[in-house]
Amino acid sequence: MNQPTGRKPLPKLSKSSFNAGLQCLKRLYLESFHRELVPPVDEAQQAVFDAGTRIGELARDLYPGGTLLEQDHLHINDAIAETKKIIAGPPVAAIYEGGFLFDDVRVRVDILPRTARGRHDLIEVKSTTSVKEEHIPDVAIQLYVLEGAGVKVGRACLAHLNKEYVYPGGDYDLRQLFAIEDVTAKAEEYLPSIPAALKEMRLALAGAQPPQVRPGRQCANPHDCPLVDYCQEGRTGHPVVQLPRASQSLLALLESAGIEDIRDIYAGFAGLNQLQRRVRDCVVNNRAYLNPAIRRELAGLEHPVHFLDFESFNPALPLYPGTRPYQVIPFQWSDHVMGPGGKLAHREFLHDGSSDPREPLARSLLKTLGRSGSIVVYSGFEETRIRELSEALPHLAKDLLALLDGRIVDLHPLVRDNCYHPDFHGSFSLKAVLPALVPELGYGDLDITNGQEASLAYAEMIDQATPDSRRQEIRADLLSYCGRDTEAMVRLVDTLRGA
Ligand code: SF4
């Protein structure tokens, strides 16, 4: 790795680099000096950022009549100078995206409404539906800089989406859409630890090499670190984090024993549950496990057997009357139907247009599933969605709930309890199980290859701004993807029955 030569002055820290440093000093170092190692933002991340931007903009209207600092992150010094002028000038109702500098830390504050006696509240806007532990340092570093810069802060608050808000249609009622929580006490409690944390970060940044930090629990806590692939390169093929349901205490125990790879866990290692011991045995001996009981279970499937899969999306800002922030909305299903002789038919539904997909989806679902036959799914997702549909559509509730009356067969727990292959790498998701058990059937030939991509594609498809030709393209991609999921279940059951 080429290190920065002729040590440049230490970079100024920001709110995000402070948070990166709290997660991992190596992350802070690499993101500061080796940006080329950080993968570009993907479509899913960009969608999250875009939703965050929209939510931040909406939250400003909770404090109307303010002044927006429009300088982007490349012109933060201009934003800081401008904010200084605004604070010193005639009072304004609020400052949006104000820039502040203290102790070589620069922050932008989402909203700074002016309150009584020349004070300002600090409002940090989050697109979550609750205050999370990691939000406190985020607010505290802003409080640290604001107070250091001479701003008199009244309250420090988090404005987040209110998960109880039910959208009635029309314009959002912002006072209901957002919940504002006062976290002043928690942020103040955190303040004294900030100087030491900054010192540690600067010490790390002053090094000629990145700090030696081994990948561990911090890589996904509180956020997935974008450098995971870089840090894992050339490392063990079966890291202990791949043990199913590995608790933090088990990982700590393995770490203290110096065990990084499942293959190094000795027989009789205390602390593994039955499933983890099975995974360890399969990996150590490089062999698969299959309990013949799974065949008996699958022999009980009743014809016509429906292999069912839903696709859904969960917009942060509710789109349809009667829905809440982040409510999961199913918009598509695929059903492969197997008759008594093994003959297959395929039916599908994908909602068109920008209206609420739930009722047309529910009606078409009832039609395809009829009143008899097993409904094979992979996870509890479909059952949960059917229950939600029954609550949202009381006139269809009886028929929808009848689908759940002994007809659902969930393959996920069946596979988890009866089958393991070292190539599962600790996951029992369909995407992990399929390549190991049905290697000839994958998703590589499709444009949409997972549920998250399907959600994003649907959001694009129903966007009024999307050209018709692109909508048609997305529609075809979504149908191919969801159809492949149910085809995969058919093939998986065939494989397990014949194994
Ligand atoms: S992947 Fe883990 S070890 Fe590597 S920089 Fe990120 S948090 Fe640190």
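Each ligand, and each atom within it, is numbered from 1 in the order the structure gives. Computed over heavy atoms, backbone and side chain alike; hydrogens, waters and symmetry mates excluded. Position 1 is the first residue of the sequence; numbering continues from there.
Residues R385 and E382 are not paired through a salt bridge, judged by the lack of any N-O separation under 4.0 Å between the basic side chain and the carboxylate. Under 4.0 Å is where a charged nitrogen must lie from a carboxylate oxygen, and between K431 and D485 at least one such pair does. Ion pairing between a basic and an acidic side chain is recognised when a charged N comes within 4.0 Å of a carboxylate O; E260 and R214 show such pairing. Note on K15 versus E124: salt bridge recorded, some NZ/NE/NH1/NH2 to OD/OE distance being below 4.0 Å. Ionic pairing of E487 and R484 is present here: one or more N-O contacts between side-chain nitrogen and carboxylate oxygen are shorter than 4.0 angstrom.
With a cut-off of 2.8 Å, the protein N/O/S atoms near atom 6 (Fe) of ligand 1 add up to 1.
The aromatic rings of Y443 and Y481 are tilted relative to each other, their planes meeting at an angle between 30° and 60°.
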